[in-house]
**Student:** 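What follows is a single structure, and I will ask about it in a moment.
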Amino acid sequence: MPELPEVEHQARALRRILEGATIDRAEADRTPVLKGTTTPASFAAALAGRSFEGIERVGKQLLLAFDGGAGLASHLGMTGRWRVRAGDEGPRHGRARLFLRDGRVLDYVDVRMLGRLEIVPRASFAAIVASLGPDPLRDGLDAERLAARIGGSGRPIKTVLLDQTVLAGLGNIQVTEALFHARVHPERPANTLTPAEIAALAEGILATILHTLAVHERDEEIVYLSDRTDAPNPFLVYGRVGEACPRCGKPITTITIAGRTSPHCPRCQRLTRSDLRRGRG
DNA sequence: CGACGCACCTGTGCGC
DNA sequence: TGCGCACAGGTGCGTC
């Protein structure tokens, strides 16, 4: 569920919460969330008594650094989140928890357990960062850079943008919104985009990330948009199939690409036979 | 290399 | 009211 803006929102919240904090005790349940060699026992042992030294986010990865060279890599998957406990009782679907010296408890909550927690040496953070493409928010993005990343790939632009080694942090919503901004059909072969379209896409990527982040930052706490069923849909086309395109009024339609729903405007985001032919050739 | 299905998981909402 | 199914903002594997 979380994409770059949600993960950034979490990173900022965790930075505030953990500033100057020490972990007295840590627990993780035996669930598929624990990856690699991490077990409930090694999770507890690696984090007990550690003081927090920093957090960085790259793409959808959260990397927490502690003293003594210890690190915690946290990927939220579809439904993961960190939250500070309000009462004594742990939240539903809590999978791990950090008991801070000042009495607060930080819970890792993950309904579907598609997220990941892994104890890794801080020294390995660089390798994780290196395995991902540039992060639009951290590293910036412009037309030239995006063109270089897309390269000559004839794959659908949507598939390319979802590839975390091309750009880090984009997910189905952000890609959907960015393509709408740039008026580019999700199935357009990446190598058929004009320089103007690539420029518009770079702009669209940054615009949708900043917009989504701003919506999240209205909440001090870690709250997901989907938590608030009362809140209006903040997106232009995502979640709006059948509604009128905000630009031209034509109903938003959807197709499936790489197994993901891809809402788009059939008029603003055209795909021609010639595009497909040029992409293959 | 790339497209595709499937697996990993649970919860929710919708149609019958 | 209940059941079954499709679907959900992610990733990684095996297979053709």
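Below, chains carry the letters A, B, ... as their sequence lines are ordered, and counting in each starts from 1.
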**Student:** Rounded to whole angstrom units, what separation is found between the CZ atom of A:Arg95 and the P atom of B:dT10?
**Tutor:**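 Going from A:Arg95 (CZ) to B:dT10 (P), I get 7 Å.
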
**Student:** Take atom CD1 of A:Ile257 and atom P of B:dG2, then tell me their distance rounded to the nearest Å.
**Tutor:**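 For the pair A:Ile257 CD1 and B:dG2 P, the rounded distance is 16 Å.
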
**Student:** Of the nucleotides C:dT11, B:dC8, B:dA3, which has the atom closest to the A:Thr159 side chain?
**Tutor:**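 Taking heavy atoms from C-beta onward, the closest nucleotide is B:dA3.
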
**Student:** Of all the nucleotides listed (B:dC8, C:dT11, B:dA3), which has the minimum atom distance to the side chain of A:His75?
**Tutor:**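 So the nucleotide nearest the side chain must be C:dT11.
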
**Student:** Side chain of A:Arg116 only, heavy atoms from C-beta on: which candidate in B:dT10, B:dC8, C:dT11 is closest?
**Tutor:**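 Ranking B:dT10, B:dC8, C:dT11 by closest atom to the A:Arg116 side chain puts C:dT11 first.
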
**Student:** Just how far, in rounded Å, is P of C:dC13 from CG of A:Leu114?
**Tutor:**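 Roughly 15 Å, once rounded to whole Å.
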
**Student:** So, using salt bridge (charged side-chain N to carboxylate O under 4.0 Å, His left out) as the criterion, who are the partners of A:Glu8 when residues are at least two apart?
**Tutor:**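 Here the qualifying residues are A:Arg12, A:Arg57.
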
**Student:** Do you know which of A:Ile255, A:Leu179, A:Thr254 makes side chain to side chain contact (heavy atoms under 4.5 Å, CB included) with A:His264?
**Tutor:**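 Considering A:Ile255, A:Leu179, A:Thr254, a side chain to side chain contact (heavy atoms under 4.5 Å, CB included) with A:His264 is found only for A:Ile255.
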
**Student:** Under 4.0 Å between a Lys/Arg side-chain N and an Asp/Glu carboxylate O for A:Asp29 and A:Arg95?
**Tutor:**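 A:Arg95 and A:Asp29: not salt-bridged.
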
**Student:** Quick one: does A:Arg112 reach the base of C:dA8 with a side-chain donor-acceptor pair under 3.5 Å?
**Tutor:**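 By the distance-only test, yes, there is a pair.
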
**Student:** Mind checking whether A:Leu14 and A:Leu63 sit in one hydrophobic cluster, side chains of I, L, V, M, F, W, Y counted as touching below 4.5 Å?
**Tutor:**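 Each belongs to a different hydrophobic cluster.
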
**Student:** As a test of reading the structure: which of C:dT11, B:dC9, B:dA3 is closest to the side chain of A:Pro156, going by heavy atoms?
**Tutor:**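 Of C:dT11, B:dC9, B:dA3, B:dA3 is nearest to the side chain of A:Pro156.
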
**Student:** With C1' as the reference atom in both, quote the distance from C:dT1 to B:dT10 in angstrom, rounded to an integer.
**Tutor:**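 Rounded to whole Å, the distance is 22 Å.
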
**Student:** Nearest-Å distance, CE (A:Met113) to C1' (B:dG11)?
**Tutor:**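 Between C1' of B:dG11 and CE of A:Met113: 12 Å.
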
**Student:** Is there a donor in the side chain of A:Gln174 and an acceptor in the side chain of A:Thr208, or the other way round, less than 3.5 Å apart?
**Tutor:**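 Result is yes, a qualifying pair exists.
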
**Student:** Rounded to whole Å, how long is the line connecting atom NZ of A:Lys60 with atom P of C:dG12?
**Tutor:**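 Going from NZ in A:Lys60 over to P in C:dG12 covers 10 Å.
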
**Student:** Write down the distance between CG (A:Asp110) and C1' (C:dT11), rounded to a whole number of angstrom.
**Tutor:**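 Interatomic distance, CG of A:Asp110 to C1' of C:dT11: 13 Å.
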
**Student:** Whole angstrom is fine here: how far is it from CD1 in A:Ile255 over to P in C:dC7?
**Tutor:**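 Checked: the CD1 to P distance equals 15 Å.
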
**Student:** Name the residue closer to the 5' end of DNA chain C, choosing between A:Gln164 and A:Gly259 according to the nucleotide with the nearest heavy atom.
**Tutor:**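 Result: A:Gly259.
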
**Student:** Using Watson-Crick and G-U wobble pairs with both distances under 3.5 Å, what is the 5'-to-3' dot-bracket string of DNA chain C, with [ ] for crossing pairs and | for pairs outside the strand?
**Tutor:** .|||||||.|||||||

**Student:** Could you give the CG-to-P distance, from A:Leu34 to B:dC8, as a whole number of Å?
**Tutor:**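 So the CG-P distance, A:Leu34 to B:dC8, works out to 18 Å.
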
**Student:** Between B:dG5 and C:dC7, how far apart are the two P atoms, rounded to whole Å?
**Tutor:**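 Going atom to atom, P in each nucleotide, I get 13 Å.
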
**Student:** Please measure how far the P atom in B:dA7 lies from the corresponding atom in C:dC5, and state the result in whole Å.
**Tutor:**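 The same atom, P, in both gives a distance of 15 Å.
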
**Student:** Establish, with yes or no, whether the OP1 or OP2 oxygen of B:dG11 is under 4.0 angstrom from a side-chain nitrogen or oxygen of A:His93.
**Tutor:**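 Checking A:His93 against B:dG11: at least one side-chain N or O falls below 4.0 Å of OP1 or OP2.
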
**Student:** Would you say A:Val111 ends up clustered with A:Met113 if hydrophobic residues are merged whenever their side chains have heavy atoms under 4.5 Å apart, either directly or through other cluster members?
**Tutor:**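 In one cluster: no.
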
**Student:** Under the criterion side chain to side chain contact (heavy atoms under 4.5 Å, CB included), which of A:Leu47, A:Ile23, A:Val105 is the partner of A:Phe99?
**Tutor:**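 Output: one option passes, namely A:Val105.
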
**Student:** Between A:Tyr108 and A:Trp82, how do the two ring planes meet: parallel, tilted or perpendicular, split at 30° and 60°?
**Tutor:**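 A:Tyr108 vs A:Trp82 ring planes: tilted.
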
**Student:** Quick one: is A:Arg155 getting a side-chain N or O under 4.0 Å of the B:dA3 phosphate, OP1 or OP2?
**Tutor:**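 Answer is yes, contact under 4.0 Å.
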
**Student:** Could you tell me whether A:Gln174 contacts a base, only the sugar-phosphate backbone, or nothing, with contacts defined as non-hydrogen atoms closer than 4.0 Å?
**Tutor:**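 No contact at all - A:Gln174 keeps every heavy atom at 4.0 Å or more from the nucleic acid.
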
**Student:** When all nucleic acid strands are considered with a 4.0 Å heavy-atom cut-off, which category describes A:Thr261: base, sugar-phosphate, or nothing?
**Tutor:**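 Sugar-phosphate contact only - A:Thr261 comes under 4.0 Å of backbone atoms but never of a base.
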
**Student:** Counting just side-chain N and O atoms, does A:Arg92 come under 4.0 Å of either OP1 or OP2 of B:dG11?
**Tutor:**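 Checking B:dG11 against A:Arg92, a side-chain N or O does come within under 4.0 Å of OP1 or OP2.
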
**Student:** Return no unless some side-chain N or O of A:Lys35 is found under 4.0 Å from OP1 or OP2 of C:dT11.
**Tutor:**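 Looking at the OP1 and OP2 atoms of C:dT11, neither is under 4.0 Å from any side-chain N or O of A:Lys35.
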
